[in-house]
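Atom set for the values below is all heavy atoms of this structure, side chains included, hydrogens, waters and symmetry mates excluded. Whatever order the structure lists them in is the order used to number ligands and atoms, beginning at 1.
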Amino acid sequence: MKRVLVATAGGDCPGLNAVIRAIVKRASQERDWEILGSIQAFNGVLWEPTEVKILDEEAVAGIHFQGGTIIETTNKGGPFAWPIKDKDGKWTTADRSEEMIRKLMYMGVDAVINIGGDGSQRISQALYEKGLNIIGVPKTIDNDLSATEATFGYQTAVQIATEAVDKLVTTAASHNRVMVLEVMGRDAGWIALNAAVAGGAEICLIPEIPYDIDKVVEKINERFVRDRGFTIIVIAEGAKAIGKDASKEHNDEIGYANAKLSGAATRLVEELKEAGIKHSIRKAVLGHIQRGGIPIAYDRVLATQFGVKAFEMVMEGKFGEMVAFHPPDIVSVPFKEAIKEPHFVTLDSALVRNARGVGISFGD
Ligand code: F6P
């Protein structure tokens, strides 16, 4: 019997369950493979007692359209930065990677499939360098990985954000208001840009193009004639005015290493008021709604292909590599290449140019 351990790491993302199901279904076509799921990323392996569950066809039946992940996830800690309290009661971190690799050997695990974003694939690379047979599956709603044309979950997030814009249009028009919608994406503006184009917003503010508040005001004013009119602004959580940093919130969760982006819409509303906008303004922060619920068909299809490919890579011994979508093919790329550089919106991209072509202002 050969064993593969699957972990879902980082923030959850619509389509994770479809990947897990595809791995299990593909494995079931071969003889003598067992798939284990580690609970909450690698925590399940590192905890005492260990918490892993057998993923057989019964366990994954019908989960392809369920949001979240049946094996849970976490974006805190990890084998290289396991939170521990020192003698003075202060939190510090310990490197438990070697211990984890030993434990996996003891558990009879032949290979690991780590489904996660850039941070998780950095961990995959480091574990691979320590000798672990590991394969990565990219996951993020932010679409900020350059090695793959797309990540599952992203299109679902764009769809949810677009539906939010559609809903805000009717209320903004009825009240002659400026409506600001804040969407996720971390340092990438993909979700905001696509939702702005699909939803017909007038203004789109993204991290890659710092905004000039006077330009934003100008565009809003164009949309109002004697107080009648409305404007929809889609702002990415990482957006910032020229010369400013992204708006962040302190986070004291133990082991949480990422900057917690928050407050971009609130700050923009203040800036607009300071700059003299007298129209009624309201804001909506979409938050984790973009990550929840059922994945759209596109993401289920991509996730299913990623799962099948990941298991086939295990059989071929393609360790140290991550699954990637290079249309029309599902391929594999070395972790090193996969994590080399992020994928951001570029100013000269067709989508930015065409967004400008339908009158969308980026505040620049
Ligand atoms: O990376 C995915 C993402 O949803 C980002 O868009 C967002 O900034 C972050 O995760 C939120 O993380 P958390 O779930 O820890 O609040």
Which residue and non-hydrogen atom of the protein lie closest to [atom], and at what distance in Å?
| atom | answer |
| --- | --- |
| atom 3 (C) of ligand 1 | Arg291 NH1, 3.5 Å |
| atom 7 (C) of ligand 1 | Glu237 OE2, 3.3 Å |
| atom 15 (O) of ligand 1 | Tyr256 OH, 2.6 Å |

message: Below 30° counts as parallel, above 60° as perpendicular, anything between as tilted: where do the rings of Phe335 and Tyr128 land?
response: perpendicular
message: Tell me the closest heavy-atom pair linking Thr346 and Val352, and the distance in Å.
response: O-CG2, 3.5 Å
query: Looking only at heavy atoms, what is the nearest atom pair of Ala147 and Glu337, with distance?
result: CB-O, 4.5 Å
- request: Mind checking the OG1-CD1 spacing from Thr69 to Ile63? Nearest 0.5 Å is all I need.
  value: 8.0 Å
query: At under 4.0 Å between heavy atoms, which part of Asp142 makes contact with ligand 1: side chain, backbone, both or neither?
result: side chain
field: Residue selection (non-hydrogen contact nearest atom 9 (C) of ligand 1) among Arg186, Gln290, Lys260, Lys139
entry: Arg186
message: Met184 versus ligand 1: do any nitrogen or oxygen atoms come within less than 3.5 Å of each other?
response: no
Below 4.0 angstrom from a heavy atom of [X], which ligand 1 atoms are there? Numbered from 1 as shown, please.
| X | answer |
| --- | --- |
| Gly185 | 6 (O) |
| His288 | 13 (P), 14 (O), 16 (O) |
| Asn75 | 13 (P), 14 (O), 15 (O) |

- prompt: Does Arg223 make a cation-pi contact with Phe230 (under 6.0 Å, within 45 degrees of the axis)?
  reply: yes
- request: Using side chain to side chain donor-acceptor pair (under 3.5 Å) as the criterion, point out the one residue from His250, Glu249, Glu253 that pairs with Lys260.
  value: Glu249
Pair Thr92-Asp86, side-chain donor/acceptor within less than 3.5 Å: no
